[in-house]
Amino acid sequence: MGSLHGLLSFCFVLVLVLSSNHLTAKAHKKPTNQIKVEADFKIIAELAGKNSIPNADFKGLAKLALTKAISNGNVICQRVNSLLLKSSDMYTTRSLTGCSTNYKDAVGLINKSLAALDAKKYDDAKTCITDALANSTKCEDRFEELLQRNSPFTFMKAKFGLLCLTGLKHINLLVQKERLITEGCSQTLDKELCISTVGFFLENKGLGLHGLAKLAVEKALQDGTRIHNHISVLLKTTSDKCVLKKLKSCSAFYLTAIGKIKASLPALDCNRYGDASTWVGAAIGSAETCEGVFAGKSNTISPLTPMKIEFSKQVSISLVVIKKLAGN
């Protein structure tokens, strides 16, 4: 019964999230939109109900395995170089020299795979890992061909290979997880908000609604503070007087937004969800006012827009969870 209640709470909040950006647009006059939101949500609810979207941090697990593979590869390189110093046989020296190159290249490829993983270039990451495995196999083949025996690194190579394959497995699971979420959100009215919110719930399923609300608000506070700090940097480095004037206004608006979000936290702790919702909702208004200041008559694009989008997204998530709490 407990798990069913948790799923129902999850589903209810997600419905609110998918429709949250449209509630202020006179949604009561657009019942078709509301019906569409609820129909679109059924895809996500079904996936969540069947546990088709796993809760694991596959990216973190992949990075852990690949980082260990790098350490293992470096240990093998050190072992190869140590044996090279002692080698007097021509074929052994040739084999060891080749292995040294192979494992240096393999380590470099795993480093590239980590960068590709962070950039969400999953195919590139997988290609790098596969090529790294091929390099470790070349070392073994060289010993077999020149000396008709296994290399001194066969067991170390097995560990290196296992770590690489573990990283590869978790990247494949990450791709599958993201595909399920993307497909589930593909027909929703706000795809990006849907994807972000599903990810947020999956990452923090065990917190309960109150814990989710507090975490969401704290993340929004971090985002708002980051923007305010960025404005402070721009104020020191910008020489355009018109831009400086707009940045000063935005600094004040985001300082107000930060204050409102901070005020929502004690309200949450005291279960004053209506007050918390009011404070958090007002924060978005301050951010939008900053965007309006930059747009003005010249319709100038704000240098803060990308960060503001993430801030607004996190505030929206906070708002719908708090509203759910207020309705309980």
Side-chain angles (χ1 to χ4, degrees), residues 53-85 87 93-146 150-183 185 191-192 195-196 198-200 202-203 222-223 226 230 306-307 309-310:
I53 303 179
N55 193 27
D57 178 15
F58 292 126
K59 182 178 179 181
L61 291 169
K63 292 179 78 169
L64 179 62
L66 295 173
T67 301
K68 288 183 177 180
I70 290 171
S71 298
N72 183 257
N74 284 328
V75 169
I76 296 174
C77 284
Q78 292 169 7
R79 176 65 176 155
V80 172
N81 293 334
S82 175
L83 292 175
L84 264 173
L85 293 174
S87 176
T93 300
R94 282 175 58 185
S95 297
L96 289 170
T97 300
C99 285
S100 177
T101 300
N102 294 147
Y103 275 100
K104 284 178 183 176
D105 289 346
V107 168
L109 285 163
I110 299 299
N111 274 309
K112 287 183 179 179
S113 77
L114 285 171
L117 180 58
D118 282 334
K120 293 193 171 185
K121 297 179 179 179
Y122 301 131
D123 286 339
D124 290 348
K126 291 192 286 185
T127 298
C128 287
I129 296 169
T130 302
D131 290 347
L133 284 166
N135 270 281
S136 67
T137 300
K138 287 178 184 177
C139 171
E140 296 298 313
D141 291 344
R142 186 170 281 106
F143 265 87
E144 184 66 34
E145 290 170 8
L146 295 178
N150 292 333
S151 84
F153 323 110
T154 301
F155 291 109
M156 299 173 78
K157 184 259 183 190
K159 182 179 179 181
F160 176 78
L162 180 61
L163 289 167
C164 288
L165 289 172
T166 300
L168 200 58
K169 179 187 76 173
H170 286 124
I171 291 174
N172 284 327
L173 289 170
L174 173 62
V175 171
Q176 182 183 13
K177 176 181 178 179
E178 291 193 355
R179 185 185 299 119
L180 285 171
I181 295 173
T182 301
E183 288 175 355
C185 293
K191 299 176 184 64
E192 290 302 316
I195 290 169
S196 298
V198 174
F200 178 76
L202 288 173
E203 290 167 9
Q222 291 171 5
D223 287 347
R226 191 177 300 114
H230 183 59
M307 299 175 77
I309 291 172
E310 291 303 313

* Asked: So, the side chain of Ser87 versus the backbone of Leu84: is there a donor-acceptor pair under 3.5 Å, distance only?
  -> no
How long is the straight-line distance from [atom2] of [Y] back to [atom1] of [X], given to the nearest 0.5 Å?
X      : Y      : atom1 : atom2 : result
Thr166 : Leu64  : OG1   : CG    : 9.5 Å
Leu162 : Leu133 : CG    : CG    : 10.0 Å
Leu174 : His170 : CG    : NE2   : 10.5 Å
Ser151 : Lys138 : OG    : NZ    : 15.5 Å
Leu85  : Leu96  : CG    : CG    : 10.0 Å

* Structure fact -> Residues at least two apart in sequence or cross-chain that pass side chain to side chain donor-acceptor pair (under 3.5 Å) with Glu178, listed by chain then number, are Tyr122
* Can you list every pair that meets salt bridge (charged side-chain N to carboxylate O under 4.0 Å, His left out) and has a residue in residues 58-71, with sequence neighbours left out? -> Lys59-Asp118, Lys63-Asp118
* Which residues satisfy the side chain to side chain contact (heavy atoms under 4.5 Å, CB included) test with Asp223, sequence neighbours excluded? -> Arg226, Phe311, Gln314
Counting only pairs under 3.5 Å, give me each side-chain donor-acceptor contact of residues 123-132, with atom names and distances, residues two or more places apart or in other chains.
| from | atom 1 | to | atom 2 | distance (Å) |
| --- | --- | --- | --- | --- |
| Lys126 | NZ | Asn172 | OD1 | 3.0 |
| Thr127 | OG1 | Asp123 | O | 2.9 |
| Thr130 | OG1 | Lys126 | O | 2.9 |

* Just wondering, do Phe153 and Asn102 contact through their side chains at under 4.5 Å, heavy atoms? -> no
* **Close side-chain approach of Asn135 to Lys104, heavy-atom, < 4.5 Å** => no
* Not counting sequence neighbours, which residues clear salt bridge (charged side-chain N to carboxylate O under 4.0 Å, His left out) with Glu144? List them please. => none
Which donor-acceptor pairs under 3.5 Å do the side chains of residues 69-80 make with protein atoms, sequence neighbours left out?
| from | atom 1 | to | atom 2 | distance (Å) |
| --- | --- | --- | --- | --- |
| Ser71 | OG | Thr67 | O | 3.4 |
| Asn72 | OD1 | Phe160 | N | 3.3 |
| Asn74 | ND2 | Ile70 | O | 3.3 |

* Asked: So, for Cys99 and Arg142, which heavy atoms are closest and what is the spacing to 0.1 Å?
  -> N-NH1, 4.0 Å
